[in-house]
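Data block below; observations after.
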2 protein chains.
Amino acid sequence: MHHPGPPGPCGHPLHPVVRKLSAYGPLKTEEQAALAGLGAGGQRVDGRLDLLVEGAAPDSAVLVLEGIACRYRHRVSGARQITAYLLPGDLCDPDLVHVSRMTHTVGTLGPCRVARIPRETLAGLTERHPGIALALRRAKLAEEETTREWVMNVGCRSAIERVSHLLCELHARLQTVGWATSAGYDLPLTQQDLADTTGLSNVHVNRTLRQLRLMRLVEVGGKRVDILDLPGLQALAEFQPDYLRPADG
Amino acid sequence: MHHPGPPGPCGHPLHPVVRKLSAYGPLKTEEQAALAGLGAGGQRVDGRLDLLVEGAAPDSAVLVLEGIACRYRHRVSGARQITAYLLPGDLCDPDLVHVSRMTHTVGTLGPCRVARIPRETLAGLTERHPGIALALRRAKLAEEETTREWVMNVGCRSAIERVSHLLCELHARLQTVGWATSAGYDLPLTQQDLADTTGLSNVHVNRTLRQLRLMRLVEVGGKRVDILDLPGLQALAEFQPDYLRPADG
DNA sequence: CGTCGTCTTGATGATGTTCAATGACAGTGG
DNA sequence: CCACTGTCATTGAACATCATCAAGACGACG
């Protein structure tokens, strides 16, 4: 069982933000150092905790260092829809300069380590370091593509395809920040969380996971995802990872 | 029956881009003039025509002046998912500087009038006119919120709620650019298009529209949407238009 | 050791899909 | 002017997928 030990159990001893943004553009040594400095104020927080609540005026961005957070909203009926995952290295929300009121909530799923970045800090960073600014814009573009991919997912894929696609996306994203190997990754989510993400019921998510296990593609359980057959899983999901790197050729 | 006569059948004789961006921030007279100049190169194009195809490297942005276009993608099974609508005044895609290959296709639904904006023109515009740059960033923010709202829509709403919500969103967005009144708006889409948007089958969209008609909320047919009971429709859809103006208080 | 949350499984039923056929309508060419 | 054609809308019937309800098992934690 993996234990989240900084700075990532498998890979370079690098800050997740540096790893993530480096994937979107070259960063100078001083830019990497400036980014790594953001992790200094990291706080450990529990799971199921709201960091930015719907309706509030955000005063700072949130940087995820470890764990998994998400954006979500509730319907009046009580149904919850998760609209994005925030993984280590993800920054939410760089554009808060323009937002007066949050239209959704940002909260942790499992236990996390997060840092709050005041808007001035963020603004100074992008002004002084053009490489960071460029990488952030590309990362944001990838985030938009990802949301569109989620529309595809819930809009026109079957249950098993949705779950498979989600597992593939998490694997790809976690791998770039050093929190996943080809064997799998830790996933501190409940099946209800997966249901709220994929637009399925918790019961049906359970049955879908069982089916994936019987198909010898992937085993999900115990807060852990063990990948048995990555090509098979990706084929089932029609997973095309290029949407995660829209700036690449 | 409304006929699309420039510059919009109901409202100020203003360019749709000016109307749209003005909603996101004040524009100086010279900025409005610069924006209106973008419409000069407008071309009439047929419906069901692809403007930017998946996989290609975009060389220019597309500005919609009249009609409705969309972003979409096909699955290998042939199923299509529409991930966004592009209405008059919408610009796609201001950030093409960072995109090397399109991950989805942009095409018209009904007949349109569109203008291609070379990246240099766009870059010059935002450099010289800070008001335009700010409004564009806010418009993009609204676009992101809209995509998240679509995830909500297909993820956790029933068929009638999805269709109602879509009709409400189109009404609100078209109204700000002068192409809708409180009575309704022209909608040159087939029921299959609505199905590909909402993640339903064309047959079920048909039945859902009939139900909405029987409920005396809205009548959709003949390329036209006649709104009978806007508050009722919005209530059914739980429509909260604030996601279209994330920068407002 | 009891309690709570989560996972698991079965049974039942609602919601929405698929297939198929018909009707309405516009465009086209004779 | 009228048949011919194709697209879109509409409806019925059978079916599939997935949700809901309910109950038990399991594990973590006080």
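Nucleotides of DNA chain C with any atom under 4.0 Å from a heavy atom of chain B span, from 5' to 3', C:dG16 to C:dC19.
Across residues 191-208 of chain B, B:G199, B:L200, B:S201, B:V203, B:H204, B:R207 each have a non-hydrogen atom less than 4.0 Å from an atom of DNA chain C (numbered order). Residues from residues 77-85 of chain B that place a heavy atom under 4.0 Å from any atom of DNA chain C: there are none.
Atom CG in B:L109 sits about 12 Å away from atom P in D:dC8, given to the nearest Å. Spacing between atom CG of B:L214 and atom C1' of D:dT11 amounts to 14 Å, rounded to whole angstrom units.
Interatomic distance, CD of A:Q81 versus CG of A:D196, reported as 7.0 Å (0.5 Å rounding). For the atom pair B:L209 CG and B:L167 CG, the distance stands at 7.0 Å (nearest 0.5 Å).
Ring geometry for A:F239 versus A:H165: interplanar angle over 60°, hence perpendicular rather than tilted (30 to 60°).
With salt bridges taken as basic N to acidic carboxylate O contacts below 4.0 Å, one links B:E66 and B:R44. Here B:E143 does not pair with B:K140 in a salt bridge; the nearest charged N to carboxylate O distance is not below 4.0 Å. A salt bridge links A:R157 and A:E149; the closest N-O separation between the charged side-chain nitrogens and carboxylate oxygens is under 4.0 Å.
Checked by atom type and distance alone, the side chain of A:T108 never pairs as donor or acceptor with a backbone atom of A:A69 at under 3.5 Å. In this structure, A:H171 contributes its side chain and A:T181 its backbone to a donor-acceptor pair below 3.5 Å. With hydrogens and angles disregarded, a donor-acceptor distance shorter than 3.5 Å links the side chain of B:T105 to the backbone of B:E54.
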I would like to know whether A:Q192 and A:N202 meet side chain to side chain donor-acceptor pair (under 3.5 Å); could you show each step before the answer?
CA-CA 5 Å; A:Q192 182 65 57; A:N202 56 349; 3.3 Å; yes
